[in-house]
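Small disclaimer: the values here were computed from a predicted structure and weren't measured. Just so we're on the same page: letters track the sequence lines, and every chain starts at 1. Note: hydrogens, waters and symmetry copies are ignored here, and every other heavy atom, side chains too, is used.
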Protein chains: 2
Amino acid sequence: MPNQYVAKSRRLRSTIYSSRIENQGVTSYTIYNHMLLPAGFEGSLEETYNHLKNHVQIWDVAAERQIEIKGKDAYQLVQLMTCRDLSKTKEGKCYYCPIIDENGGMINDPVVLKFNNEKWWISIADSDVMLFAKGLAIGKNLEVSISEPDVNIMAVQGPKAFNLLEKIFGKEILDLKFYNFKYFNFKNSKHLIAKSGWSKQGGVEIYVEDAKSGLELYDLLFEEGKEFNVKPGCPHLIERIESALLSYGNDMDINDNPLECGLDKFVHLDNNIEFLGKDKLIKIKENGIEKKLMGVKIDIDNINLRSSINLTINNSVIGEIRSAVYSPTFNKVIGIAMINKPYFLSKDKFDIIIDSKKYTGEICDIPFV
Amino acid sequence: MPNQYVAKSRRLRSTIYSSRIENQGVTSYTIYNHMLLPAGFEGSLEETYNHLKNHVQIWDVAAERQIEIKGKDAYQLVQLMTCRDLSKTKEGKCYYCPIIDENGGMINDPVVLKFNNEKWWISIADSDVMLFAKGLAIGKNLEVSISEPDVNIMAVQGPKAFNLLEKIFGKEILDLKFYNFKYFNFKNSKHLIAKSGWSKQGGVEIYVEDAKSGLELYDLLFEEGKEFNVKPGCPHLIERIESALLSYGNDMDINDNPLECGLDKFVHLDNNIEFLGKDKLIKIKENGIEKKLMGVKIDIDNINLRSSINLTINNSVIGEIRSAVYSPTFNKVIGIAMINKPYFLSKDKFDIIIDSKKYTGEICDIPFV
């Protein structure tokens, strides 16, 4: 199949970095929250993967939009949307929170930033959480204001990220703890920096509110990063699957609940807090889940997955693979698959048909080992 | 600037027609409701435009997703979301309805299909209306079920559309009135067909629920359409701007209200019906709007707009152009722009800077004449 170009328009919003990355060799985009998110740069997928695992990259992840919930009832609204208990959360910390609907179906899986009880940012995956929050707030007459501030995140990712960051922000940045955030000074501006990011190679995400200063910082990171072999990059298919970082819309959607997605440690049912879908999740937990996200390994050296593909045993469907990539680490294709009961327990071998040819694969736990 | 490819994945959902149109020469995609929407086919933009205006095209517009609202309170919920009075609506009819939030800001501008008071389809533009509807229904405890059924629309558009449709569905299809819908038999299946579509060249939209039958129909339309010079196509930038068909996300968004978008005839304030943002819209109407969507004409023969560009008079910003294309009919660039008060009344000439060069343009009414 041939490739198709992205037809650009105002509706597929550019970020403050778009013109820079287009000069720096971005080759493909995906669309995320109605915005351009770079998906590939010059060089093979394995070359950019090796670079990310050995050096440092700057990513335009402005498409990771912020939904700001402010006001007297802000805490109540954020808690209403997630099955994670937020009652003991601390200011200046980040929390991975499944957002679910009244049936327990996954609506999003953002990182939530707590400024204080009356101000939160929901750093969203690809769905219009703002509309869900607005609907709930209007329907329940909550005293909140809900907006999407123009925050353009750039991520600094890779094992040399802190070598680079220290040159610009000083030793103070080295004390930042995982999933904490803090404002750091840069020239006459300040930038919220969180120790987080959509890779397991270490680094930070810089939540740029002041675009002019942010672009100066972007340019300086490339200037100062030369000695660390800095390159532009983006969330990386191989790295994220090898690290089992789930992707909303790819690996899970509204038809899956967080227990099926293996997010049990973010599902808090034994408490008095009120959130949507709680009764449903309690029942599901009692009865046991009917399907579960698992890893799969297939002995082939290439795959180009653009929609889910059924997995079968003796011609019966036992699940579907939703994301997959050739892994240089495992020297085969690995993927994320939703596997039906009881097959996610038994881990039998399965068949998969790709381009009319049948292959065999095996179910495994995630993270991959 | 170079072009970038679409990085395909399950999250950017394929339609039931995707493999067909990729064999038929689709060259670019946009993403719409998390789904692939074709944006260009082989041939120049003017060639495909001339074809649409003279023959018949089949469009994969499955990305125009349906949000189904069913149940006792379905009418109440749909009315709550739109400023258009739905109290006198009829079964089997389509209604263009601005969906607005509590401030009167545009959330979407769908065509709403009324099956009966307890079943509606909202045929949405590009935003997650389902999440807004769910939030409202949960918050207000409404008795409704809300879902996105897997309906894959194909549009048949162009002046020869009904010649082709008559060959397959018989004379009955000629009696279908504009913005009415009805089920039509095709072999052993039936398909909802509405006399509608996102062009002014005439035709229908076929709401395919039975994928297998829909694909047989798709293939037959090409087979039977040979004598009418049928081709695959998609919503067309030149045709839609010349026809002043607004595009949500391009021409308007949540920061604009329907009065600013010139949608006055769908804003019904003198009644007892309850909808979100009504008090705000009443005030806005009393005070007069601060900005308005207008047409613009610029004396150049090419433009490639990917985000809005400011329009100025004596270096003061008087508005921004949001969509634009070279029009073969007007022999210049025409576009849709949001123009500040009082300039949308005075229609002065303005300056615009494109690729560092200054040009002059003029404000005009839409539709363009």
Side-chain angles (χ1 to χ4, degrees), chain A residues 1-14 18-19 22-23 25-32 34 36-40 80 101-102 107 126-142 148 237 247-251 253-254 276 304-308 322-323, chain B residues 1-14 18-19 22-23 25-32 34 36-40 80 101-102 107 126-142 148 237 247-251 253-254 276 304-308 322-323:
Chain A
M1 287 289 180
N3 285 324
Q4 288 80 32
Y5 292 113
V6 178
K8 291 178 195 161
S9 73
R10 179 180 186 262
R11 183 171 54 75
L12 307 187
R13 301 177 288 180
S14 294
S18 297
S19 65
E22 293 188 10
N23 283 323
V26 63
T27 52
S28 65
Y29 278 121
T30 183
I31 305 300
Y32 200 86
H34 315 276
L36 298 173
L37 174 63
L80 192 64
D101 70 4
E102 76 282 15
I107 279 180
D126 180 33
S127 72
D128 296 338
V129 170
M130 183 169 76
L131 297 183
F132 190 54
K134 267 184 181 269
L136 283 170
I138 295 167
K140 290 199 175 270
N141 260 314
L142 299 180
E148 187 191 297
L237 190 62
S247 166
Y248 183 76
N250 283 315
D251 303 322
D253 59 36
I254 200 166
L276 301 176
N304 194 355
L305 202 71
R306 50 181 290 176
S307 49
S308 53
R322 294 179 172 181
S323 297
Chain B
M1 288 288 179
N3 285 323
Q4 288 80 30
Y5 292 114
V6 178
K8 291 178 194 162
S9 74
R10 180 180 186 260
R11 183 171 55 75
L12 308 186
R13 301 177 288 179
S14 295
S18 296
S19 64
E22 294 190 8
N23 284 322
V26 62
T27 53
S28 65
Y29 278 121
T30 183
I31 306 300
Y32 201 86
H34 315 276
L36 298 172
L37 174 63
L80 192 64
D101 71 3
E102 76 282 14
I107 280 181
D126 180 33
S127 71
D128 296 337
V129 170
M130 184 169 77
L131 297 183
F132 189 54
K134 267 185 181 266
L136 283 170
I138 294 167
K140 290 199 174 271
N141 259 314
L142 300 179
E148 186 191 299
L237 190 63
S247 166
Y248 183 77
N250 284 314
D251 304 323
D253 59 36
I254 200 165
L276 301 176
N304 194 355
L305 202 70
R306 50 179 292 175
S307 49
S308 53
R322 295 179 171 180
S323 298

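- No side-chain heavy atom of A:Thr30 sits less than 4.5 Å from a side-chain heavy atom of B:Val6.
- Residue contact with chain B, scored on non-hydrogen atoms closer than 4.5 Å, is absent for A:Leu237.
- Of the listed residues (B:Leu36, B:Asp126, B:Leu37, B:Leu305), the greatest number of heavy-atom pairs within a distance under 4.5 Å of chain A belongs to B:Asp126.
- For a residue to count as touching a neighbouring chain, one of its non-hydrogen atoms must lie under 4.5 Å from one of that chain's; by this rule A:Ile254 touches chain B with the side chain only.
- Residue contact with chain A, scored on non-hydrogen atoms closer than 4.5 Å, involves the side chain of B:Leu276 exclusively.
- In this structure, A:Tyr5 has its ring center closer than 6.0 angstrom to the ring center of B:Tyr5.
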Evaluation steps, side chain to side chain contact (heavy atoms under 4.5 Å, CB included), between A:Lys140 and B:Lys140:
CA-CA 6 Å; A:Lys140 290 199 175 270; B:Lys140 290 199 174 271; over 6 Å; no
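- Contacts of A:Leu142 with chain B are absent, with no heavy-atom separation under 4.5 Å from either backbone or side chain.
- Between B:Ile138 atom CD1 and A:Phe132 atom CZ the span is 4.5 Å, to the nearest 0.5 Å.
- Between the CG atom of B:Leu136 and the CG atom of A:Leu136 there is a distance of 8.0 Å, given to the nearest 0.5 Å.
- A:Ser9 and B:Arg306 are not linked by any side-chain donor-acceptor pair at a separation below 3.5 angstrom, with hydrogens and angles left out of the test.
- Remark: A:Glu148 engages A:Arg13, A:Arg65 in a salt bridge (Lys or Arg N to Asp or Glu O under 4.0 Å) (not counting sequence neighbours).
- Side-chain polar atoms of B:Asp128 and A:Ser127 form no donor-acceptor pair below 3.5 angstrom.
- The parts of A:Ile31 that come within reach of chain B are both its backbone and its side chain, each placing non-hydrogen atoms under 4.5 angstrom from that chain.
- The closest side-chain heavy-atom distance from A:Arg11 to B:Tyr32 is below 4.5 Å.
- Interface remark: B:Leu80 contributes no atoms to any contact with chain A (heavy atom separation under 4.5 Å).
- Residue B:Tyr248 touches chain A through its backbone alone, counting heavy-atom pairs closer than 4.5 Å.
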Would B:Asp253 and A:Arg10 count as a salt bridge (charged side-chain N to carboxylate O under 4.0 Å, His left out) if you check the C-alpha gap in whole Å, the side-chain angles of each, and the deciding distance to 0.1 Å?
CA-CA 11 Å; B:Asp253 59 36; A:Arg10 179 180 186 262; 3.2 Å; yes
